[in-house]
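Worksheet for the structure shown next.
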Amino acid sequence: MQQIKINPDITESDLGLKVYKALMQGACNTLDMGLYVSSMKLLLSAVDTMAFLETGNNRGNEFKQWLNKYVNLSATGVTVDELWEHRNALLHMTALDSDKVREGWVVRLIPYKEPATPPSNSLKNSKFYSIDKVYCAIANGLDKFIKDVELNKDLKELFESNWSKIVYDEPSIVVKA
C-alpha cells in the first residue's frame with residue numbers, strides 16, 4: 001500500500017506542526033490503517049476547518065474558496081463543486097449521493113485507493129477519483145496556507161483568533177466561556 005506523505009517542511013514551523021497535529025494527523029493515520037471513508041471524512045472536515053481559520057465563517061462558499069485559493073485539483077480530475085457535494089454526502093450521511101447528486105446537478109464521486117485502478121466501466125452520472133491524488137493536492141494546499149498565514153500579519157491574527165474557537169486532540173481540552 002502506498003503511503004501518503006505530508007511535506008516534512010510543514011512540521012518544521014510551530015504553526016505547521018500545530019495545524020498538522022490538529023487537523024491532518026487523524027486523517028493520515030486512518031488512511032494508513034486502510035479506513036478510507038473515515039479518512040476522507042477527516043480530510044474534508046480539515047478543509048472546512050482551514051477555511052474557518054482563514055475567514056471565521058463555516059459555509060460552503062468558504063470551503064470552495066479555500067480550495068480555489070490553495071489547492072490545485074487539476075491532477076485529481078475532480079472539481080471544487082464535486083468535492084463539496086462529496087463532502088456533504090460523506091459527512092452528513094456516510095453516503096456518496098448528496099441532494100444535488102441525486103437531482104443530477106453534480107456527478108457522484110466514487111473513491112478508489114491506488115495502486116488499484118478504477119473500474120473501466122463507468123456508472124451513470126459518476127466519476128472515480130484517486131484518494132491519493134486528492135490527499136496530495138490538499139496537503140500541498142495546506143502547505144501553501146501555512147506559508148500564507150506565516151507571511152501575512154493580518155491573516156495570522158485572524159487565524160489565531162479563530163484557532164481559539166476550535167477543538168482538537170490534545171492532553172487536555174480547555175473550554176473557554
Side-chain angles (χ1 to χ4, degrees), residues 1-2 4 6 19-20 22-146 148 159 162-163 165-169:
M1 179 181 332
Q2 177 184 343
I4 304 293
I6 299 293
V19 170
Y20 170 77
L23 304 180
M24 294 295 289
Q25 190 170 27
C28 291
N29 288 347
T30 52
L31 182 70
D32 290 344
M33 294 182 338
L35 303 170
Y36 304 130
V37 173
S38 297
S39 180
M40 286 305 299
K41 286 179 173 185
L42 290 170
L43 179 67
L44 297 174
S45 178
V47 172
D48 281 328
T49 305
M50 289 182 277
F52 171 78
L53 290 169
E54 181 183 35
T55 66
N57 296 314
N58 192 19
R59 296 182 291 273
N61 288 342
E62 284 76 17
F63 178 95
K64 294 176 189 180
Q65 288 170 356
W66 191 91
L67 286 172
N68 282 326
K69 184 174 182 179
Y70 294 107
V71 179
N72 179 355
L73 288 173
S74 61
T76 69
V78 302
T79 68
V80 168
D81 288 329
E82 292 165 350
L83 204 53
W84 171 249
E85 291 305 318
H86 189 56
R87 169 230 175 263
N88 291 342
L90 285 177
L91 292 181
H92 296 292
M93 302 172 293
T94 311
L96 295 177
D97 293 350
S98 69
D99 290 342
K100 287 188 178 179
V101 168
R102 280 192 299 281
E103 294 166 5
W105 292 102
V106 178
V107 300
R108 171 192 302 119
L109 293 182
I110 304 172
Y112 70 93
K113 178 72 176 84
E114 293 181 27
T117 57
S120 57
N121 58 335
S122 62
L123 301 172
K124 184 180 177 189
N125 201 33
S126 297
K127 182 191 302 185
F128 293 95
Y129 76 91
S130 163
I131 292 171
D132 301 74
K133 289 179 181 168
V134 169
Y135 253 87
C136 289
I138 291 175
N140 287 333
L142 172 63
D143 193 39
K144 290 178 188 174
F145 175 59
I146 295 302
D148 201 14
F159 175 97
N162 292 332
W163 185 267
K165 299 170 188 166
I166 67 169
V167 295
Y168 48 92
D169 293 321

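Small disclaimer: the values here were computed from a predicted structure and weren't measured. We're numbering straight along the sequence, starting at 1.
Of the N and O atoms on the side chains of K41 and T30, not one donor lies less than 3.5 Å from an acceptor on the other residue. Between the side chains of S130 and E114, at least one donor N or O lies within less than 3.5 Å of an accepting N or O. Between N72 and S74, the side chains place a donor N or O and an acceptor N or O closer than 3.5 Å (distance only, hydrogens not considered).
Contact check for L31 versus Y36: side-chain heavy atoms found under the 4.5 Å cut-off. Side-chain contact check for L43 versus M24: some heavy-atom pair is nearer than 4.5 Å. Looking at L67 and L83, their side chains come closer than 4.5 Å, going by heavy atoms from C-beta outward. Using a 4.5 Å heavy-atom threshold, the side chains of M40 and V134 count as touching. Between W105 and E85 the shortest side-chain heavy-atom distance does not fall below 4.5 Å.
Here the NZ atom belonging to K127 is positioned 13.0 Å from the CZ atom belonging to R108, to the nearest 0.5 angstrom. Remark: L44 CG to L91 CG distance equals 6.5 Å, nearest 0.5 Å. Going from atom CZ of F52 over to atom CG of N57 covers 8.0 Å, rounded to the nearest 0.5 Å. One distance of note links OG1 of T79 with NZ of K64; it measures 9.0 Å at 0.5 Å rounding. Annotation: the span from L23 atom CG to L42 atom CG amounts to 10.0 Å, rounded to 0.5 Å. A distance of 11.5 Å separates CG in N125 from CD in E103, rounded to the nearest 0.5 Å.
Residues that satisfy the ring-ring contact (aromatic ring centres under 6.0 Å, His included) test with Y70, not counting sequence neighbours, are W66, F145. Residues satisfying the side-chain hydrogen bond (donor to acceptor under 3.5 Å, both in side chains) criterion with K69, sequence neighbours excluded, are E54.
Residues I131 and P111 share a closest heavy-atom pair of CG1-CB, 3.7 Å. Heavy atoms only, all atoms of each residue included: Y135 and A27 are closest at OH-O, 3.0 Å. When all heavy atoms are compared, the tightest approach of L109 to E82 is CD1-O, 3.6 Å. Among all heavy-atom pairs drawn from L53 and I166, the shortest one is CD2-CD1, 4.3 Å.
The main-chain N or O of L35 is never found under 3.5 Å from a side-chain atom of S39 such that the two would form a donor-acceptor pair. Under the 3.5 Å distance criterion, the side-chain polar atoms of R102 are matched with a main-chain donor or acceptor of D97. Between the N88 side chain and the S98 main chain, no donor and acceptor come within less than 3.5 Å of each other.
Using cut-offs of 30° and 60° for the angle between ring planes, the Y168 and W163 rings count as tilted. Using cut-offs of 30° and 60° for the angle between ring planes, the W84 and F63 rings count as tilted.
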Legend entry - L90 vs V37, side-chain contact (heavy atoms from CB on, under 4.5 Å): CA-CA, chis, key distance, verdict: CA-CA 8 Å; L90 285 177; V37 173; 4.2 Å; yes
Inset, instruction - Show the numbers, then the answer: is there a side-chain contact (heavy atoms from CB on, under 4.5 Å) between Y129 and I110? - result: CA-CA 6 Å; Y129 76 91; I110 304 172; 5.9 Å; no
Inset, instruction - Please step through side-chain contact (heavy atoms from CB on, under 4.5 Å) for the pair I146 and V19, ending with a clear verdict. - result: CA-CA 8 Å; I146 295 302; V19 170; 3.6 Å; yes
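Here D48 pairs with R87 in a salt bridge; the nearest charged N to carboxylate O distance falls below 4.0 Å.
By the neighbour-count criterion of 12 heavy atoms within 6.0 Å, atom NZ of K124 is sparsely surrounded, having that number or fewer from other residues, nucleotides or ligands.
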